[in-house]
A.B. asks: 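This structure is in structure tokens; I'll ask about it shortly.
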Amino acid sequence: MSHYRAVKGTRDIFPDEVIAWQYVERVIHRVAALYAFHEIRTPVFEYTDLFQRSIGATTDIVGKEMFTFQPDPNGRSITLRPEMTAGVMRAFLQSSRASEAPVHKLYYISDLFRKERPQAGRQRQFCQFGAELLGTSSPAAVAEVIAFMMHVFRLLGLTGLKLRINTLGSVEDRMRYRDALRAYLLPFSGELDAPSLERLEKNPLRILDSKNAAVQDIVSGAPALRDYLQPAALEEFEEVLGYLDDRGIAYVQDPLLVRGLDYYCHTAFEVQCADLGAQDALGGGGRYDGLARELGGASDLPAVGFAVGMERLMIALEKQGLLSELPVQGPEVYVVLQDRSLLAHAVTLCGALRDAGIRTEIDLAGRSMKAQMREANRMRAAHALFVGRDEVAAGAYGLKNLESSVQQALSLEAVITELGHG
Ligand code: HAM
């Protein structure tokens with residue numbers, strides 16, 4: 001065994017697990033097509049200030065979780081992307097696509113990097129699937145992205161989910177509330193825990209979703225964000241909820257839900273899954289109407305999106321037994337050689353079978369026929385194709401169905417026809 005180990009917080013995904021990932025990815029691509037979202041791929045690293053500007057300098061992500069480095073002594077600081085929304089918006093604004101259509105529906109399945117303390121469901125390299133709908137702030141668009149996310153969960157058969165939803169109001173509403181909340185919390189400074197004290201100065205709203213019971217107690221008496229929102233914001237939120245009701249999507253209103261990224265306004269949401277343990281946030285998202293302007297966009301670009309952690313999704317599916325029936329696809333034909341001198345002939349046969357679209361495997365290591373048969377069975381090959389000296393001379397090979405054990409002597413063309421590719 002090598003003494004090299006994968007870096008803490010990263011992991012390898014071997015073929016037997018990749019089958020499950022590919023299955024989930026296929027479902028995501030299928031649902032994206034149903035909702036007319038199109039895939040976008042952006043660079044793995046961006047200039048650091050993009051994230052500082054969008055996610056917010058006082059957030060945990062920007063404050064302590066980014067993998068940041070200097071490409072060369074005089075270069076501009078760059079950072080491995082900790083999330084996708086900022087990069088997608090940057091790409092969109094950079095390309096002049098905004099003028100091509102009023103609304104843009106983008107989705108991704110992408111790897112991200114955050115320097116968090118690794119534990120189950122929390123890694124330093126992880127993957128998200130997510131979507132961003134750019135160009136409209138309509139409450140129907142908010143419901144559309146939530147419906148996309150929930151549709152994926154539904155097709156996968158996932159249960160035990162809780163969709164929590166809240167409205168944060170406009171940026172101005174939130175500023176007024178932030179001041180009021182800080183004024184309420186200041187007299188409790190002595191009773192707050194260290195993370196809350198840190199947030200009190202920089203980002204007091206984050207104290208609302210503290211998991212510390214003593215802090216929760218203090219928060220329970222705090223002024224309510226709702227009381228600081230303009231009536232229009234509340235009406236819009238009601239509309240979002242109405243669209244969710246129309247689509248039969250269940251949710252729970254949670255006035256304490258605030259997300260850990262600064263760009264959100266109005267509707268914010270999170271999905272929890274009971275099977276995830278401590279890291280129970282499966283996904284989340286919301287509206288971020290101000291981000292385009294924040295990044296220097298020439299005009300307002302209302303937007304809404306979500307992202308779901310793929311590793312957490314895989315853990316939840318596994319726990320609910322929803323990945324166990326996945327078929328491991330073995331070869332249709334395993335070519336079994338009598339001896340190594342026939343390898344050149346057999347490789348040509350393999351080529352012809354593969355050209356005909358038949359999944360074919362062959363032992364390249366020159367092992368015994370018994371070992372080859374063992375391998376064919378282990379790989380769950382559907383057929384074995386025996387290639388011996390007599391078969392080569394006769395131009396007819398022994399095709400054995402490994403389930404029924406029925407064997408027949410067939411020419412190469414007949415094998416191809418027999419396997420349905422003729
Ligand atoms: P987020 O809440 O930071 O939102 O991440 C979304 C999901 O990514 C989380 O609920 C979780 O499942 C997964 N996740 C986050 N960090 C980790 C980690 N260290 N290890 C494993 N999984 C993790 C965003 O990233 C926003 N960009 C979502 C969004 C899109 N908002 C609007 N559009």
Side-chain angles (χ1 to χ4, degrees), residues 7-11 13 24 37 40 42 46 50-51 54-56 59-67 80-90 92 104-134 137 141-142 144-146 148-149 152-153 158 161-165 168 206 209 257-273 275-292 294 301-317:
V7 175
K8 222 172 148 211
T10 69
R11 63 187 292 261
I13 306 178
V24 174
F37 277 80
I40 183 166
T42 65
E46 301 270 0
L50 171 71
F51 301 119
S54 54
I55 299 170
T59 57
D60 287 350
I61 297 180
V62 171
K64 49 190 179 202
E65 296 172 1
M66 298 207 300
F67 286 100
L80 296 181
R81 60 187 181 195
E83 61 108 48
M84 285 297 287
T85 312
V88 168
M89 184 59 97
R90 194 267 314 134
F92 184 78
H104 300 260
K105 296 166 86 176
L106 304 166
Y107 79 102
Y108 46 82
I109 304 177
S110 302
D111 280 337
L112 304 166
F113 307 86
R114 293 185 195 176
K115 210 185 292 166
E116 295 193 78
R117 199 166 45 79
Q119 55 176 265
R122 193 160 76 189
Q123 295 178 204
R124 292 187 156 190
Q125 178 178 342
F126 62 101
C127 182
Q128 280 182 349
F129 95 81
E132 314 292 350
L133 195 160
L134 312 177
S137 63
V142 179
E144 172 92 342
V145 298
I146 295 176
F148 172 2
M149 176 178 74
V152 170
F153 298 148
L158 205 59
L161 299 176
K162 183 163 151 191
L163 173 65
R164 289 156 60 227
I165 191 162
L168 306 171
R206 290 300 316 281
D209 59 6
L257 174 77
V258 274
R259 307 253 311 126
L261 303 99
D262 275 0
Y263 48 61
Y264 292 113
C265 60
H266 296 283
T267 309
F269 53 88
E270 230 165 70
V271 185
Q272 284 171 311
C273 180
D275 289 299
L276 282 177
Q279 301 304 319
D280 66 350
L282 184 56
R287 263 174 70 176
Y288 49 96
D289 298 353
L291 183 58
E294 196 67 36
L301 184 71
V304 59
F306 73 85
V308 169
M310 286 288 283
E311 285 80 6
R312 293 187 193 177
L313 180 57
M314 301 309 291
I315 292 172
L317 291 170

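Both ligands and their constituent atoms are indexed starting at 1 by order of listing.
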A.B. asks: Contact between Leu261 and Thr85 at the side-chain level, heavy atoms closer than 4.5 Å - yes or no?
C.D. replies: no
A.B. asks: I want to check something: taking the side chain as every heavy atom from C-beta on, are Phe92 and Glu132 in contact at a cut-off of under 4.5 Å?
C.D. replies: no
A.B. asks: Near ligand 1, which protein residues have a heavy atom under 4.0 Å away?
C.D. replies: Glu83, Thr85, Tyr108, Arg114, Glu116, Gly121, Arg122, Gln123, Phe126, Gln128, Glu132, Arg259, Leu261, Tyr263, Tyr264, Ala281, Leu282, Gly283, Gly284, Gly285, Tyr288, Gly305, Phe306, Ala307, Gly309, Arg312
A.B. asks: Evaluate the side-chain proximity of Thr10 to Gln123: yes if any heavy-atom separation is below 4.5 Å, no if none is.
C.D. replies: no
A.B. asks: Would you say the side chain of Glu294 lies within less than 4.5 Å of the side chain of Ser54, judging by non-hydrogen atoms?
C.D. replies: no
A.B. asks: In terms of side-chain heavy atoms, does Gln119 have a donor or acceptor partner in Gln279 at a distance below 3.5 Å?
C.D. replies: yes
A.B. asks: Only one of Phe129, Phe153, Phe37 forms a ring pair (Phe, Tyr, Trp, His ring centres under 6.0 Å) with Phe306, so which one is it?
C.D. replies: Phe129
